[in-house]
Amino acid sequence: MAEMRLTFLGATRTVTGSQYLLETDRARVLIDCGMFQGSPHDVIRNRVPFAYPPNEIDAALLTHAHLDHCGLLPHLAASGFRKPIYATKGTVDLTRLVLLDSAKLQEEAAKSHQRFATRNPDRAAAEDEETAAALTAASKEDPAAATREAPPEAVTALREALYTVADANAALGLFVGIDYGAEVQVAPGITATFLDAGHILGSAIIRVRVMERDQVLTIVFSGDLGRPGSPIIRDPTAVTTADYLLIESTYGGKTHEPQEEAIRLLGEAVKLTGDTKGVLLMPSFAIGRTQEIVYELDRLLSAGTIPHLPLYLDSPMAQKASDVYRAYLDYFDDDARALVARHDAPIDYPDAIMTTAQKDSLAIEQAARPLMVVASNGMITGGRIVQHVKALIADPAMTLLFVGYQGDGTLGAQLQQGAKQVRIDGQDLDVHCQVRSISGFSAHADEPELLGWLGNFTTKPRTTFIVHGDPDAQAAFEPKVRALGFATAVPGWRDSVELT
Ligand SMILES: [Zn+2]
């Protein structure tokens, strides 16, 4: 076999920035091109120049629409990449929402930094210097070590948008939507097949086959793996063979609360809100979690488990994402399709109130109680949810119900951990509302589910690369994968291996 190389350009010992480069003598294919999110030493990596000339990539393959998998594609396109980006059709439509939103937020952030710089030229200049130093450090030979030392202030000082709405549109113009299960030639000697990953609508495990002379090598990229039994979408596809495997490890060492318990807790919170004539406020990710929560509320209502409280869906992005879900009924699992066949729209709650204008969003707090609100974003770091939390945080009749993961350092995490006072928009506010959490809703397989998926392999890959996990999760997960008889490796940022 001719030389073949795989380079790990993101989601190494961390959960964001997914990006892998596969090179053969004849072609270069990129798998995911995600944004680094979270801590400053991760985020600065978005600004480190690409590890390859973007105009020399033959194709990009995208596993799913989450920003940490697709978020750098506009930057790639603006840097010279002009070739096709392959994804399932559902992913193409969701990615459009995600990238345009990301570009808009970056343009806004850049404008606000420029305003700050006009008012505080000296501070801005100092910050720019620090940013430049951090970026130089991050771009050095040992970028992983260097970025760990980057000062946290650096990131806030970045004044240029990483990309614009025009760049996002240029990248979107490169997308080619394909069907699940179809083997497509993506570059000379390389094909890709997208298999349902059961994570969010359109999500895929990508099976790449490399044909060199008379040999074939198969590399499977798990992408983000969903949970068997999740509502609406299908279960992750069983894969039985690969020469090389990359598997995500977000929840290595962790077991989720059972989904039945999550649904029971959701029903209990709704009943309590009905009894106390209160407000149930649920911060939720716009894509995936919102549709799942609406689905479960609709099921609980149909079963007569909960009273029919008004539901406000206060997220334009989530409404658009729901439209995409409705357009891909053929991606739904059997249960959801059976509901559709009975004319019971599975991701619609009866008489739900969709708010689009900002004034309608603000009016929700004055509406007749009891009521429920689902608003973005999921960790209360921005979006309409922030205003609602601010307005209702001192109200004992409000229940703030967390239905998703809260990242360290976010307002959501502070509230979830029982903070008695929090700062929002520069104001210190006392917390008098009820705070509850449900951990059983997750778009990711937990450790037993990841191991169960690995159990489908009838022949073991030569190497199983453990990616997309924090170091603790990977340390817990790796020995269990080995115990199943897999040879494992945990690659670092920009590590490169030869595949034979
Ligand atoms: Zn994801």
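Counting starts at 1 for both ligands and their atoms, in listed order.
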Atoms named by residue and atom, protein N, O or S, within reach of the Zn ion (ligand 1) (under 2.8 Å): His64 NE2, His66 ND1, His199 NE2, Asp224 OD2
Sole candidate of Lys480, Lys254, His256 that passes side-chain hydrogen bond (donor to acceptor under 3.5 Å, both in side chains) when paired with Glu447: Lys480
Nearest-0.5 Å distance that lies between atom CD1 in Ile380 and atom CG in Leu411: 5.0 Å
Cation-aromatic face contact Arg45/Phe36, 6.0 Å, 45 degrees: yes
Leu76 CG to Asp167 CG distance, which is reported to the nearest 0.5 Å: 11.0 Å
Sequence-distant partners of Lys320, salt bridge (charged side-chain N to carboxylate O under 4.0 Å, His left out), two or more places apart: none
Sub-4.5 Å side-chain heavy-atom contact between Ser203 and Thr63: no
